[in-house]
Amino acid sequence: MTVKDLADLLRVAPAQVIKALLTNGVMATINQTIDYETAAIVASDLDFQVKEAPAPAVAAEEAPELEDPSLLVHRPPIVTIMGHVDHGKTSLLDAIRETNVTAKEAGGITQHIGAYQAEIRNQRITFLDTPGHEAFTAMRARGAQVTDVAVLVVAADDGVQPQTIEAIDHAKAAKVPIIVAINKVDKPDAHPDRVKQQLTEHNLVVEEYGGDVVAVEVSAKQKKGIEHLLEMILLVAEIQDLRANPNRPAVGAIIEAKLDKTRGPVGTVLVQNGTLKVGDFVAVGSVAGRVRAMFNDRGKPVRRADPSTPVEILGLPDVPRAGDPLRVTPDERTARARALEAQREQHQEVATPTASTSLEDIYAQIQAGSVKDLNLILKTDVQGSIDPIRSSLERLSVEEVKVRILHEGAGNITESDVLLAQASQAIILGFNVRVEPGARRAADTANVDIRLYSIIYNVIEDVQKALTGMLEPVYVEVLEGRAEVRQVFKVGKGDQIAGCMVVEGKMSRGTPARLLRRGQVVHSSQIASLKRFKDDAREVAAGFECGVGLDGFSDVQVGDIIESYRREKATP
């Protein structure tokens with residue numbers, strides 16, 4: 001509460017409260033906000049007994065509300081444009097934008113807010129100007145499922161490319177209808193029919209080939225086919241029968257957020273249900289505030305925003321995160337209670353990693369009935385390995401659970417793969433590939449299960465064992481000690497003892513060990529003998545010298561490193 005609120009509550013002059021704050025080392029003006037602890041100390045100093053009022057019941061309001069069908073009205077569809085880099089996503093968005101900017105608006109779009117609305121035949125369409133499928137999936141991973149239709153842009157001269165396939169798989173995983181915009185048809189080397197043929201290989205069969213996927217030929221450069229594309233979007237949206245209730249408090253999601261030098265924290269909100277008005281108290285993730293001003297996609301101030309309308313809002317005390325849910329609350333106190341609850345949940349998420357599907361616990365989840373689909377992402381070294389692995393994995397489907405390959409491709413495991421796995425509760429299987437450093441960090445943070453294999457049979461066997469509850473535990477190596485070879489002694493007929501200095505951990509007799517030369521492993525066995533001077537030793541700690549004999553190896557050189565390790569069962 002503010003200093004004035006506290007003074008009014010205590011029925012004392014604001015100057016008394018400010019004086020008590022100064023005594024406790026807090027400089028505050030009459031309109032400055034203070035937290036509960038500070039207010040409690042001040043009230044106690046002024047001889048009041050303090051008791052914290054119970055927070056408003058937030059949990060009860062979180063239950064999904066059943067809307068009265070008679071209150072629902074049609075809302076504009078929300079469209080995300082996805083596709084391969086350089087296939088013309090931005091050009092297409094610009095073409096749609098320019099087609100819909102009226103002649104009297106000389107300046108066109110005055111500011112970029114990450115979303116805008118186009119209009120055709122008095123019907124509006126909301127476009128999300130996201131960088132691509134990764135942003136789309138990142139928001140989905142945060143729980144913000146905001147897209148109704150995905151427009152897949154494919155260049156007619158370039159055809160289906162790796163990122164096109166990724167975009168298809170990300171849209172399919174989100175269960176969003178796809179419209180294909182075949183761009184650059186004005187080019188002399190354009191082959192729209194070849195593109196349609198390529199799409200069938202990825203289970204996107206266009207209408208003229210007997211499928212249900214709408215394909216529109218466009219030229220963003222010459223602005224051809226734009227109106228037809230917009231009509232097709234409206235047609236697909238009409239089948240979905242998108243409705244919302246404008247006469248209720250707004251619910252939405254943050255698409256973009258930034259700290260503006262002049263305006264402070266600014267959030268772009270996509271209103272999903274209800275109507276957002278200037279003056280509304282809102283809880284946006286862990287941030288609570290009041291809507292002081294709103295601007296539409298043209299940069300003009302507005303007083304209200306209906307369902308499917310993107311607006312920029314001012315009045316938040318801090319910058320929210322993209323994907324954060326927005327809810328209008330009855331008053332400031334409820335907004336703060338909601339934000340506090342979200343803050344606690346965020347701290348809990350950091351403290352305890354999010355539970356994700358892993359092969360170890362898949363059988364228990366099948367038995368509990370919580371898993372109906374085993375979602376997999378498959379990455380291989382070469383394209384030729386994909387088909388045999390995929391067909392073998394899909395044949396493993398059992399009555400209780402179906403094996404679904406969400407995405408497949410040749411190449412290393414990337415952050416995009418981890419994002420899709422996080423959003424879809426999937427497991428990543430890699431065959432003869434490595435995990436890129438950024439992807440490994442993202443997987444550790446999101447608790448995504450990544451499994452690497454070099455033999456096809458092992459991939460199939462592990463998934464089969466997981467489905468039948470017979471998967472053996474995974475063991476990881478834990479480094480016990482490192483020793484540097486300083487001298488080599490010959491003993492007996494051709495045997496060697498390595499005179500070492502233990503530089504890290506400890507060396508123990510009988511433990512598995514490997515010998516590294518210039519960073520490469522040249523031998524793996526175990527420590528057969530360990531000596532301190534002439535006496536046998538069971539273990540030698542860091543900082544001491546010792547003699548190490550490796551089982552079955554007699555080619556040790558000065559400068560080699562001996563690592564001893566143990567194998568531990570990995571925790572799921």
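Note that the structure is predicted; figures quoted are calculated from it, not measured.
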Quick check against the 3.5 Å criterion: does Asn24 have a side-chain atom that pairs as donor or acceptor with the backbone of Val26? no

Which residues share a side chain to side chain donor-acceptor pair (under 3.5 Å) with Asn247, sequence neighbours left out: none

Partners meeting salt bridge (Lys or Arg N to Asp or Glu O under 4.0 Å) with Lys172 (sequence neighbours left out): none

CG of Leu479 to CD of Glu504, rounded to nearest 0.5 Å, is 5.5 Å

Minimum heavy-atom separation for Asp462 to Arg451, with atom names? OD2-NH1, 3.8 Å

List the steps and the verdict of side-chain contact (heavy atoms from CB on, under 4.5 Å) for Glu312 and Lys258. CA-CA 10 Å; Glu312 269 192 343; Lys258 62 186 178 187; 3.9 Å; yes

Residues at least two apart in sequence or cross-chain that pass side-chain contact (heavy atoms from CB on, under 4.5 Å) with Gln123, listed by chain then number, are Leu234

I need the full list of salt bridge (Lys or Arg N to Asp or Glu O under 4.0 Å) pairs touching residues 237-246, with sequence neighbours left out, sorted by first then second residue. Asp241-Arg243

Can you check whether Ser416 reaches His170 side chain to side chain, under 4.5 Å on heavy atoms? yes

Minimal heavy-atom distance between Val3 and Pro14, with the atoms involved, is CG1-O, 4.4 Å

Within 6.0 angstrom of Phe544 CZ, more than 12 heavy atoms from elsewhere: no

So which pairs with a foot in residues 266-279 pass salt bridge (Lys or Arg N to Asp or Glu O under 4.0 Å), sequence neighbours left out? none

If you define the side chain from C-beta out and look only at heavy atoms, does anything of Met27 sit under 4.5 Å from Leu21? no

Heavy-atom nearest pair, Ala426 first then Leu376, reads CB-N, 4.4 Å

What closest approach, in Å, do Gln117 and Arg124 show between heavy atoms, and which atom pair accounts for it? OE1-NH1, 3.1 Å

Heavy atoms, side chains only, cut-off 4.5 Å: are Asp417 and Leu420 in contact? no

Any side-chain to backbone donor/acceptor pair from Asn375 onto Ser424? Under 3.5 Å, distance only. yes

For Glu332, all residues meeting side chain to side chain donor-acceptor pair (under 3.5 Å), sequence neighbours excluded: Arg336

Starting at CD1 of Ile255, measure out to OG1 of Thr268 and round the result to the nearest 0.5 Å. 6.5 Å

Atom pair CZ (Arg482) and CE (Met501), whose distance is rounded to the nearest 0.5 Å: 14.5 Å

N/O donor-acceptor pair under 3.5 Å between Thr126 side chain and Ser308 backbone: yes

Looking at side-chain heavy atoms only, is the closest gap between Ile254 and Val284 below 4.5 Å? yes

Hey, does Pro76 have a side-chain heavy atom less than 4.5 Å from the side chain of Ile125? no

Do the side chain of Lys379 and the main chain of Asn412 share a donor and acceptor less than 3.5 angstrom apart? yes

Taking side-chain contact (heavy atoms from CB on, under 4.5 Å) as the definition, give me every residue that meets it alongside Pro246, ordered by chain and number, with sequence neighbours left out. Val73, Thr275, Pro307

Set of salt bridge (Lys or Arg N to Asp or Glu O under 4.0 Å) partners for Arg404, sequence neighbours left out: Asp373

Does the side chain of Val282 come within less than 4.5 Å of Val269's, by heavy atoms? no

For the residue pair Leu314 and Val266, what are the closest heavy atoms and their distance? CD2-CG2, 3.4 Å

Please check this pair: side chain of Thr147 against backbone of Val149, looking for a donor-acceptor N/O pair closer than 3.5 Å. no

Go through the structure and list residues passing salt bridge (Lys or Arg N to Asp or Glu O under 4.0 Å) with Glu436, not counting sequence neighbours. none

With Asp169, which residues qualify under side chain to side chain donor-acceptor pair (under 3.5 Å), at least two apart? His407

Gap separating the CD atom of Glu256 from the CG atom of Leu128, nearest 0.5 angstrom: 9.5 Å

Using 0.5 Å steps for rounding, measure from the CD1 atom of Ile96 to the CD1 atom of Ile233. 6.0 Å

Once salt bridge (Lys or Arg N to Asp or Glu O under 4.0 Å) is applied, do any residues pair with Asp5, and if so which ones, sequence neighbours excluded? none

Applying side chain to side chain donor-acceptor pair (under 3.5 Å), name anything that partners Asp260, two or more places apart in sequence or on another chain. Thr262

Within the 4.5 Å heavy-atom criterion, are Phe281 and Thr334 side-chain neighbours or not? no

Do we see a donor-acceptor contact under 3.5 Å between the side chains of Glu480 and Thr511? no

Nearest atoms (heavy-atom pairs only) where Gly83 meets Leu152: CA-CD1, 4.2 Å

So Leu276 and Ile313, do their side chains get closer than 4.5 Å, heavy atoms only? yes

Do Val463 and Leu429 pass the side-chain contact (heavy atoms from CB on, under 4.5 Å) test, and can you show the C-alpha distance, the side-chain angles, and the key distance before you say yes or no? CA-CA 10 Å; Val463 175; Leu429 304 178; 4.0 Å; yes

Straight-line distance of Thr80 OG1 to Ile178 CD1, nearest 0.5 Å: 11.5 Å

